[in-house]
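I have placed the structure first, in the form of structure tokens, so that the comments after it can refer back to it.
Position 1 is the first residue of the sequence, and the numbers go up from there. Model, not experiment: these values are computed from the prediction. Read the numbers this way: they start at 1 and go in the same order the structure lists the ligands and their atoms. We use all heavy atoms of the structure for the numbers below, so side chains are in, but hydrogens, waters and symmetry mates are not.
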Amino acid sequence: MSGAKGRINLVHLYPREMSIYGDLGNTRCLASRLRWHGYEPVVHPHHPGSELPDDAHLLVGGGGQDSGQARVEDDLSRNADRLRVLVDRGVPMLMICGMYQLFGRAFITVDGRRLPGLGILDVTTQGNAKRMIGPVVLDTAYGDVVGYENHSGSTVLAAGQDPFGNVKHGSGNNGTDRTEGAATANVIGSYLHGPILPANPALADALIRMAVEQTGASFEPGEIDDNVADQARTRQIRRLLR
Ligand code: GLN
């Protein structure tokens, strides 16, 4: 029976302010895949001022304009301690672009405004006049990952901070050191839109596995036909790397 394997609480941080370039697709992808694997997804949209559920199993956040980031900042700092508890518990989180920057130490906008971040990822971002835009291919722990970047922020990893992946095509964190994103515990930050998860099912299922393990159960995957996503990804990689 659908949903019989258990209920998974999926929190989408700031879907109104921070969800551009199709990032809502990550939430939809996780909810659909959970259902196809036989779990019951419960999606909690978290808006500024609302309460984060204590029993969150998986968190996602998307990209946004600098102005959207400024609008969620107070709520993020109000929830900083709760988010850190979830990180320490091993709750998986995927933070894209603007939310990736706010999970870092700080984002300094192109006009010099400093938006403090949570410091969960040891990265700092400086806005620039020139944007980094285009398709991306990464080498990651989840295999080759494809996506699309569009950011003015140039992000630098502190010493010892692991990236999410290494750039095979595109700009990544800063266009110079070939790193992309950051990963700490089960938290992944990345610039990749697309949205990233439908195009990269192995990454989606890795997050789902960690989320299911948060419930104390082990992940029992269902049968999913990822042929179309796999073909699209392979084609993009071939086109960009040739
Ligand atoms: N405002 C940030 C930047 O341009 C984030 C952009 C985004 O989320 N796509 O760097």
Exercise for review: Could you tell me whether the side chains of T155 and Q101 share a donor-acceptor contact shorter than 3.5 Å?
Suggested key: no
Exercise for review: Write out all pairs satisfying ring-ring contact (aromatic ring centres under 6.0 Å, His included) with one or both partners inside residues 108-165, taking only residues at least two apart or from two chains.
Suggested key: H151-Y191
Point to revise | Residue pairs fulfilling ring-ring contact (aromatic ring centres under 6.0 Å, His included) with at least one residue in residues 193-218, sequence neighbours excluded | key: Y21-H193
Practice item. Only counting residues at least two apart or in another chain, list the ones meeting side-chain contact (heavy atoms from CB on, under 4.5 Å) with R209. Key: E213, F219
Review point. Between R33 and D205, does at least one N-O distance fall below 4.0 Å, as a salt bridge requires?
Key: yes
Exercise for review: Give the intermediate values and the outcome of side-chain contact (heavy atoms from CB on, under 4.5 Å) for residues L83 and L59.
Suggested key: CA-CA 10 Å; L83 287 167; L59 273 76; 3.5 Å; yes
Under 3.5 Å: N or O atoms of ligand 1 paired with protein N or O:
{"residue": "ligand 1", "atom": "1 (N)", "partner": "G64", "partner atom": "O", "Å": "3.4"}
{"residue": "ligand 1", "atom": "1 (N)", "partner": "D66", "partner atom": "OD1", "Å": "2.4"}
{"residue": "ligand 1", "atom": "1 (N)", "partner": "Q69", "partner atom": "OE1", "Å": "3.0"}
{"residue": "ligand 1", "atom": "4 (O)", "partner": "R131", "partner atom": "NH2", "Å": "3.2"}
{"residue": "ligand 1", "atom": "4 (O)", "partner": "S152", "partner atom": "N", "Å": "3.0"}
{"residue": "ligand 1", "atom": "8 (O)", "partner": "G64", "partner atom": "N", "Å": "2.9"}
{"residue": "ligand 1", "atom": "8 (O)", "partner": "G64", "partner atom": "O", "Å": "3.2"}
{"residue": "ligand 1", "atom": "8 (O)", "partner": "G98", "partner atom": "N", "Å": "3.0"}
{"residue": "ligand 1", "atom": "9 (N)", "partner": "N150", "partner atom": "O", "Å": "3.1"}
{"residue": "ligand 1", "atom": "9 (N)", "partner": "H193", "partner atom": "NE2", "Å": "3.2"}
{"residue": "ligand 1", "atom": "10 (O)", "partner": "Q101", "partner atom": "NE2", "Å": "2.9"}
{"residue": "ligand 1", "atom": "10 (O)", "partner": "S152", "partner atom": "N", "Å": "3.1"}
{"residue": "ligand 1", "atom": "10 (O)", "partner": "G153", "partner atom": "N", "Å": "2.8"}

